[in-house]
Amino acid sequence: GKYHYRSGSTKQELKGNSLNEFLLKKAGKTWDDVIEPKATLDDIDTIAIEAFKKGAKISKRMPFIADEEDLELILDNLLLIEDGKLKRAAILLFGKNPCRFFINAFVKIGRFGATDDELRYQEVVEGNAFQLADKVLDVLDKKFLISPISYDGLQRIENWEYPYAAIREVILNAI
């Protein structure tokens, strides 16, 4: 009834998250590939699905998704549904309220002072993975990043402090 693992010359008991990850790995699954029993298709945000379909059409990387109308078939083609039940990844990617299922499905942004323990202010951003990316970029632009200002004649031009594409890539990787 207990699981143990060897670490160097010691034997230690496997518990909690480590045990869950071990069992999932043995079953050939990852955390996000597990069915979420409480989730239904009503928990999927159709606006997020439509935005994804639009992006799929523009990128031409998923032609089998771009014109599909049936929500369940789209999720099945993306391997986000199994036996009619949603996987955790479906909720994180397209859920109306992922925090209802996973309390840590949010992004926290903070501005620190001179030391790491001097938090001046912070923002919490919630939503599905696609919404998070856009919302985080918006919050960073409006409240956290300083935009260098230049002028073209009388026209004021605000640029990003860092290249926009680089910031977007960092955020997407973090999410």
Side-chain angles (χ1 to χ4, degrees), residues 3 14-110 122-145 147 158-160 162-175:
Y3 290 85
L14 205 53
K15 296 179 182 178
N17 285 338
S18 298
L19 178 58
N20 285 337
E21 288 177 26
F22 172 78
L23 294 172
L24 283 172
K25 189 175 178 182
K26 280 292 201 188
K29 289 200 172 254
T30 56
W31 180 86
D32 57 333
D33 195 37
V34 174
I35 290 173
E36 180 53 50
K38 299 176 200 161
T40 67
L41 288 176
D42 290 336
D43 294 308
I44 298 297
D45 184 358
T46 54
I47 295 170
I49 292 285
E50 289 303 317
F52 178 77
K53 285 171 47 179
K54 183 179 175 184
K57 190 171 195 161
I58 291 169
S59 72
K60 299 179 183 174
R61 292 182 64 193
M62 297 183 193
F64 59 94
I65 297 290
D67 296 324
E68 185 56 56
E69 293 296 323
D70 182 31
L71 175 62
E72 196 166 343
L73 193 55
I74 291 170
L75 295 172
D76 188 47
N77 285 335
L78 294 170
L79 306 176
L80 297 174
I81 200 165
E82 188 175 303
D83 299 327
K85 297 183 179 174
L86 295 174
K87 293 182 181 181
R88 291 172 174 168
I91 298 298
L92 290 172
L93 288 169
F94 300 114
K96 289 178 184 172
N97 185 5
C99 285
R100 191 174 132 230
F101 296 93
F102 316 113
I103 59 170
N104 57 349
F106 60 86
V107 172
K108 220 182 241 192
I109 307 168
Q122 71 177 359
E123 290 286 328
V124 175
V125 182
E126 295 182 359
N128 61 48
F130 293 102
Q131 293 167 338
L132 281 176
D134 292 333
K135 288 178 181 179
V136 167
L137 282 166
D138 191 46
V139 169
L140 283 175
D141 184 33
K142 289 184 174 143
K143 297 183 178 180
F144 287 87
L145 297 178
S147 299
E158 291 186 29
N159 295 310
W160 280 65
Y162 304 99
Y164 177 83
I167 293 174
R168 181 165 177 80
E169 186 70 20
V170 167
I171 289 168
L172 288 172
N173 288 337
I175 292 170

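Heavy atoms only: backbone and side chains are in, while hydrogens, waters and symmetry mates are out.
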Would you compute the distance between atom [atom1] of [X] and atom [atom2] of [Y] and round it to the nearest 0.5 angstrom?
| X | Y | atom1 | atom2 | value |
| --- | --- | --- | --- | --- |
| L145 | N159 | CG | CG | 12.5 Å |
| I167 | L172 | CD1 | CG | 12.0 Å |
| I175 | L92 | CD1 | CG | 11.0 Å |
| E126 | K108 | CD | NZ | 10.5 Å |
| L132 | L137 | CG | CG | 10.5 Å |
| L140 | I109 | CG | CD1 | 4.5 Å |

Is there a side-chain contact between [X] and [Y] (heavy atoms, below 4.5 Å)?
| X | Y | value |
| --- | --- | --- |
| L75 | I49 | yes |
| D43 | T40 | yes |
| D45 | E50 | no |
| L41 | I81 | yes |

Closest approach of [X] and [Y], non-hydrogen atoms and distance?
| X | Y | result |
| --- | --- | --- |
| V139 | E123 | CG1-CG, 3.8 Å |
| K87 | L79 | NZ-O, 3.3 Å |
| I44 | K96 | O-CE, 3.3 Å |
| P98 | G127 | CG-O, 3.6 Å |
| I171 | A133 | CG2-CA, 4.2 Å |

*asked:* Using salt bridge (charged side-chain N to carboxylate O under 4.0 Å, His left out), reason through D134 and R168 one step at a time and then give a plain yes or no.
replied: CA-CA 9 Å; D134 292 333; R168 181 165 177 80; 3.5 Å; yes
*Test ring-ring contact (aromatic ring centres under 6.0 Å, His included) applied to F102 - qualifying residues, sequence neighbours left out*: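 Partners of F102 by the ring-ring contact (aromatic ring centres under 6.0 Å, His included) criterion, ordered by chain and then number, come out as W31.
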*asked:* Keeping K85 on the side-chain end and P37 on the backbone end, is there a donor-acceptor pair under 3.5 Å?
replied: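 Side chain of K85 to backbone of P37: no pair is present.
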_Has N128 got a side-chain atom pairing as donor or acceptor with G95's backbone, closer than 3.5 angstrom?_
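Between the backbone of G95 and the side chain of N128 there is a qualifying donor-acceptor contact (under 3.5 Å).
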*More than 12 heavy atoms of other residues, nucleotides or ligands under 6.0 Å from OH of Y3: is that the case?*
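No, OH of Y3 has 12 or fewer neighbouring heavy atoms, counting only those of other groups under 6.0 Å.
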*Parallel under 30°, tilted from 30 to 60°, perpendicular over 60°: which one fits the rings of F52 and F94?*
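Plane angle over 60°, so perpendicular.
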